[in-house]
Amino acid sequence: MSQSNRIKTGGRIDRNKPVSFTFDGKTFQGFEGDTLASALLANNVHLMGRSFKYHRPRGVLSAGSEEPNAIVTIGSGKRSDPNTRATVVEMFDGLEASSQNCWPSLNFDIGGINNKLSRFFPAGFYYKTFMWPKSMWMKYEEIIRASAGMGVAPEEGDPDTYAVKHEYCDVLIAGGGPAGLSAALTAGRTGARVILIDEQNEFGGSLLSDHGAEIDGKPAMDWVDAALAELKEMEEVTILNRTAVIGYFDHNFITAMEKITDHLGPQDSNDTPRQRFWKIRAKQVVLASGSFERPMLFGDNDRPGVMLASAVRTYINRYGVLPGKDMVVFTNNDSAYKTALDAFANGGRVEIVDTRVDPKGPLVEQARSLDITIHTNAAIVGTKGYRRLKGVEVMELNEAGDGVKGTKFHIGCDVVAMSSGWNPAVNLFSQARGKLRYDEELTSFVPDHCQWDNYSVGSCNGTFTLEGALSEGLEAGLKAAQAAGFGEGQSVPATPSAPEVEHGDMRTLWYIPMDRPLARGKKHFHEFQNDSTVADIHLAAREGYISVEHLKRYTTTGMGTDQGKTSNVNAIAIMAQIRGVSIPQVGTTTFRPPFVPVTFGAIAGHDVEDLFLQARKTPMHSAHDRNGAIYEDVGDWKRPYYFPKAGEDMHAAVQRECKAVRDSVGIMDGSTLGKLDIQGKDASRLLNLLYTNAWSKLAPGKCRYGLMCNEHGMVFDDGVTTCIGENHYHMTTTTGGAGRVANWIEEWIQTEYPDWDVYATSVTEQWAVSILNGPKSRKVLEKLVDIDLSAEAFPFMAMKECHIAGVPARIYRISFTGELSYEINVPARYGLHVWDALLEAGEEFDICQYGTETMHVLRAEKGFIIAGQDTDGSVTPMDLDMDWIVSKKKGDFLGRRSFTRTDTARTDRKQLVGVLTEDPNVVLMEGAHLVRELKDKPPMDMLGHVTSSYMSPNCGRSIAMALIRDGKNLKGQSFMVPTMSGKAHKVTITDPIFFDKENKRIDGEPS
Amino acid sequence: MLVIKCPFCGERDQTEFTCHGEAHIARPENPDELTDEQWGDYIFFRQNIKGYQYERWSHDHGCGRWFNALRNSVTDQFVDTYKIGEEKPAIPSDEGK
């Protein structure tokens, strides 16, 4: 029968708008205004999921964001949204939902065998069992992850769009119940900029479910409607529903996720984002986040049909659903009596089991007057039914509440509505470093103090009366606005009257005893999602995991998607009981964001695909595209890696490029090199500080290579710096080190030598650089320039200003290949023009465009280092055999003192050497280790590792560089390099210069 | 995310800044006169105080200027920020505990 649990009238659903939806392929009917959970309950479907570890059948526990059990996947294919709580999914026509963590079906889940074997699956089971042998952990993990999984993430790209919005406000109010709305009213009336946020579709919070609540003599929802109407008229007030505050960070930085179209179902167009991520900086924050009801922990308290009493009341009053016809209300307080009364009024058969010996008060009296059976000083000790609750077993409690007595009796029922008291939702307050205080009367934690400007109001502050919530909200809203500079002199308006019946005392029993020892035959779940039981807490205590942080990790309590919203306080209290200490002595774990699960889509927002990371492109990029370049990412730059011709793979292309450069002429794009323009009277003083060599006598038009060390004496960058004129230098750095060097310079001239007259300006992107390399470079260049290029007129390590192809240029005769080379710098806007002109001029010499890989091979042939590849922050200039660049005369410079430290001065440090394989065709893997003696298995005495390794066509064999312990003294000796595949190669340590040792090629062919 | 007051630009989000550790460590004028231990103190050893400490920061994604700050390493709250060369502010009497 369709919607057999639907009450004839009432609720906030729209009965004129029926919808149909599917759950695990079966079609059901519901109404607009339903959640997936309420619509399934209306159809008497309680079984909505399987638990994480034991695969036990689970029904819905709650009616809100704290839901641990009813976790489902919404949608299918690329729009499937796993791990969604059925209690917060708004119903729309055509909604498609499916259960998770069960196979082959929800009704018959083979993993349910884990439940039968549960004696072998105690807390910490995975840690204990799968850690041996260690090498197998990776394998085990694969299987565990697959069988203990949550929902499955879609494999295709997400077709929806998402947005991010940054906002600022004076007062942010988290929660739109009576306390939050009150705060919004008084804050808004001051003219302050207010943002009011609530995660539900409707404002009103607890009042949405509180049938019969009155404010100022009228239905409470009338007050809510009036408050909203007033707020909507206020220009500076932003009202966000369907928006969950998920993070509360330092200085009142708040993140929230707004669901924009989720309640409408998949959209045809992408004009509206599906969700929006808010990043809000608030001067003042009012937390009105409500509270969570605690479950009763009794034997097999997880059967589908066992629900929180407040949730049952919400389903009755808000959704017009009576979750079952035969209900047992199990409570230790008066609030659950409201559920009993509402269920009774809607035709339910109700019995009450109350742990208290002598419950009193108007609500109890009202139940008695309706002849509702109340079993006092009693407790549920066990349940009947597997996929759906069929009944409960009840016994009398002893005086201490730690045991039962008398005879067990059975009550047939299909729903248990339980309440063990309430926990203020202090999650956001705690995220913001707020400290909590234990309240003995509430038996729960409440906010104490926080270093940021916020106010907790209503039940999240431990204030559970409606009048109290209204009063606290009104006061906090005004105070917050005044602290933000608004509403001076205004006073708090009178609190509307909202009389409520008196509540009697609670009798808190942290868990319910049974007629046999704990964990025998029945499980007391305190944490439903992760299947953590009261017995697991005892086990953790026995094994020494008594700290709350250890308890959490050992039992995994609070580590599911619900973050322990219903379980944390119970777990802490039980640990306190076991240890015989007070609850505050056990303490709480810190709540972490997000408060509720958030989609990656919302976090990413607009920053996807092309906008994910901006690529830096040189002025010649379009030419590289045209000429078929394959790119390499270097920092954020796109650099040509190599330029393959038809049919060539990378190896073939690079070998061809390397030959072409040394045989004739090659051209590469060097625009990405870091460039700094350094000016001021103290410019050479700065260079003397930064570099290891001397700079005072460098003449205008001359270039010099330098190494930079940090104060530890370790090389961190290198490059050529040129004197442009008096007190004016042009510094180049590695592509990847440009930012680091600029910051390094700023650090010294701003913090240590602010009185120096020197300025360093990054000009990396102002210059486009085309680099010619090879014996015929001069022949190409002379066709385009207006200066004498002869080696006498324009020698190595000189710079000339001139014109090339009609545009001004600075040409540096420096070389990273050992060949005749010109680095042609032109203003960036001329880069493409000059590149194309050089290609055309070089055509007759078969000019070869080459990329970074060829550059690497050519420099390695000459033994030139790449800072960051052949150095790693632990290498001195002396380790590189570059003592010649360390000035002994100029006085102090950065890192110099460290060269004489005992460790730095050792002669057997790892040093840069060449490595040649016995087999010239073997190219060693970079990172491979040289060992003194090859053994069957590790450990072996490792001498160091290969830093650069290539096949060199110009040497006709493979070449490599390595950092080797005491390497300078090992030249000529042979060692072994074991490989990942188990083979080993014999190698000989050599000098690191493999080609043109005499530097004969530097001047190229004369013109 | 903290709000940090750059002495040149005013209050900005933390993401614009980089922290560079302990402030007011002068580079020794004559490193050659220092023992290895003294030089080691300068390059390696930092106080890392639990409570108020003086730190160097830079406004990288802003004006690019370096400045000093007095900050509580327990609460992450800034007492003040000040320009290089300016007098350092006094440590509040609660000692940041």
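Each chain gets a letter, A, B and so on, in the order its sequence line appears, and its residues count up from 1.
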Atom pairs and distances, donor-acceptor, side-chain atoms in residues 32-40 of chain B, under 3.5 Å, two or more places apart:
residue, atom, partner, partner atom, Å
B:Asp32, OD1, A:Arg896, NH1, 3.1
B:Asp32, OD2, A:Arg896, NH1, 3.1
B:Asp32, OD2, A:Arg896, NH2, 3.4
B:Thr35, OG1, B:Glu37, N, 3.4
B:Thr35, OG1, B:Gln38, N, 3.0
B:Thr35, OG1, B:Gln38, OE1, 3.4
B:Asp36, OD1, A:Arg897, NH1, 3.2
B:Asp36, OD1, A:Arg897, NH2, 2.8
B:Asp36, OD2, A:Thr902, N, 3.1
B:Asp36, OD2, A:Thr902, OG1, 3.0
B:Gln38, OE1, B:Thr35, N, 2.9
B:Trp39, NE1, A:Ser898, OG, 2.8

Atom pair NZ/NZ of A:Lys279 and A:Lys165 - distance to nearest 0.5 Å: 14.5 Å

So what's closer than 4.5 Å to chain A heavy atoms on [X]: side chain, backbone, both or neither?
X: B:Tyr42; value: side chain
X: B:Ile4; value: neither
X: B:Ala26; value: both
X: B:Arg56; value: side chain

The interface call for A:Ile254 against chain B, heavy-atom contacts under 4.5 Å, is neither

Under 4.5 Å heavy-atom distance to chain B, tell me which part of A:Phe253 shows up: side chain, backbone, both or neither. side chain

Between the side chain of [X] and the main-chain N/O of [Y], is any donor-acceptor distance below 3.5 Å?
X: A:Thr255; Y: A:Gly247; value: yes
X: A:Lys435; Y: A:Arg433; value: yes
X: B:Lys88; Y: B:Tyr54; value: no

Does anything in residues 751-761 of chain A get under 4.5 Å of chain B by heavy atoms, and if so which residues? A:Thr751, A:Glu752, A:Tyr753

Is the B:His20 ring parallel, tilted or perpendicular to the B:Trp66 ring (thresholds 30°, 60°)? parallel

Ring centre gap for B:Trp57 and B:Phe78 strictly below 6.0 Å: yes

With a 3.5 Å cut-off and no angle check, do the side chains of A:Thr876 and A:Asp879 form a donor-acceptor pair? yes

Are B:Asp13 and B:Thr15 close enough that a side-chain donor and a side-chain acceptor fall under 3.5 Å? no

